[in-house]
*Asks:* 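Next up is a structure, given as structure tokens.
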Amino acid sequence: MRVLIVEDEILLSRQLAKALTVAGYAVDCAADGEQADFLARTQNYDAVVLDLGLPRLDGLTLLRRWREACIFAPVLILTARGSWHEKVQGIDGGADDYVAKPFRIEEVLARIRALIRRSIGIASAELRCGALALDVRTARVSVGGDPVKLTSHEFRVLSYLMHHSGRVVSRAELIEHIYAQDFDRDSNTVEVFIARLRRKLGASFIETVRGLGYRIWKPAAGDLP
Ligand code: CA
């Protein structure tokens, strides 16, 4: 899962980026509205954290432009404390949720998890595929209750596939959602991550759909966790 942070307070932006990276996300940062606009139009994000007071282009204008341009990534706005009109304008402008400054990083993380789940239509914070479980709150993965240790990129690949279980995900789509923008991308590495995941989790969970990509099956209705 890949998140864009749009915040001109550099210290705050760094804190958010660090916390999100530790939580298993690929993170890009923009410090002004124009840079944010460019990134949102050229990259694929699973969620955006958007400060409203920004240099060059303010957050509300950005948000309205994105929605007009059919960029529908869920957006969490950061508002000034007590500014109810910012919240109202933000939500009317297409924001999905808001957090008032100052905030606890944990609250932002929880809201992003919920936004991403809601945008995909997942009700639970624990994603399951048979014996395989991924808890998005703790970024922990287990098979049959036994914890499995993954590297950050292995986790991102698995998390993306599990958030989109039942659907074939192409290698190109995976690459867009597991790497930050400045990361040196190599499409062959996806195969390497998949091979390692199969070794660690067992070969049965991730299916290769020849010529198209990879798929993790949705548990059938009635499957017990
Ligand atoms: Ca600001």
Side-chain angles (χ1 to χ4, degrees), residues 1-120 125 136-139 152 156 159-160 163 176-185:
M1 292 290 158
R2 190 166 167 205
V3 177
L4 173 64
I5 298 170
V6 188
E7 169 61 74
D8 58 320
E9 288 173 50
I10 297 304
L11 198 63
L12 182 55
S13 177
R14 280 198 196 132
Q15 281 175 341
L16 282 169
K18 191 174 166 199
L20 280 162
T21 305
V22 169
Y25 299 89
V27 180
D28 290 337
C29 296
D32 67 63
E34 280 177 6
Q35 191 191 5
D37 198 32
F38 174 76
L39 285 174
R41 285 169 193 273
T42 55
Q43 309 294 313
N44 264 308
Y45 294 104
D46 299 291
V48 179
V49 180
L50 178 65
D51 184 34
L52 292 185
L54 293 168
R56 289 166 192 253
L57 257 179
D58 70 273
L60 271 178
T61 305
L62 268 179
L63 187 54
R64 290 196 190 111
R65 284 192 188 177
W66 290 345
R67 293 322 190 208
E68 277 167 21
C70 297
I71 297 168
F72 290 127
V75 172
L76 174 72
I77 52 170
L78 306 178
T79 66
R81 198 158 80 124
S83 176
W84 63 267
H85 61 273
E86 270 193 6
K87 293 169 198 163
V88 172
Q89 283 180 320
I91 289 166
D92 281 345
D96 298 271
D97 201 357
Y98 65 86
V99 176
K101 287 179 174 181
F103 48 75
R104 299 277 307 187
I105 297 274
E106 290 82 357
E107 185 179 359
V108 173
L109 289 176
R111 289 186 182 274
I112 289 172
R113 288 194 293 268
L115 278 189
I116 290 176
R117 284 206 315 271
R118 224 180 294 147
S119 72
I120 302 171
V136 296
R137 293 161 298 194
T138 56
S152 61
R156 289 178 197 170
S159 177
Y160 194 82
H163 274 88
E176 278 177 10
H177 291 269
I178 64 169
Y179 291 121
Q181 197 214 3
D182 49 7
F183 202 88
D184 189 18
R185 296 162 188 209

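Position 1 is the first residue of the sequence; numbering continues from there. Counting starts at 1 for both ligands and their atoms, following the listed order. Quick caveat, the model's predicted, so the values are computed rather than measured.
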*Asks:* Any sub-3.5 Å donor-acceptor pair from R2's side-chain atoms to E176's backbone N or O?
*Replies:* yes
*Asks:* Identify, with sequence neighbours excluded, every residue that meets side chain to side chain donor-acceptor pair (under 3.5 Å) alongside R41.
*Replies:* D37
*Asks:* For K101, check side chain to side chain contact (heavy atoms under 4.5 Å, CB included) against everything at least two apart and list the hits.
*Replies:* E7, E9, L12, D51, L78, F103
*Asks:* So does R67 pair up with D92, basic N to acidic O under 4.0 Å?
*Replies:* no
*Asks:* Using a strict 4.0 Å threshold on nitrogen-to-oxygen distance, state whether R111 and E107 make a salt bridge.
*Replies:* yes
*Asks:* Sequence neighbours excluded, which residues qualify as side chain to side chain donor-acceptor pair (under 3.5 Å) partners of T79?
*Replies:* none
*Asks:* Distances under 3.0 Å only: what protein N/O/S atoms are near the Ca ion (ligand 1), ordered by chain and residue?
*Replies:* D8 OD1, D51 OD2, G53 O
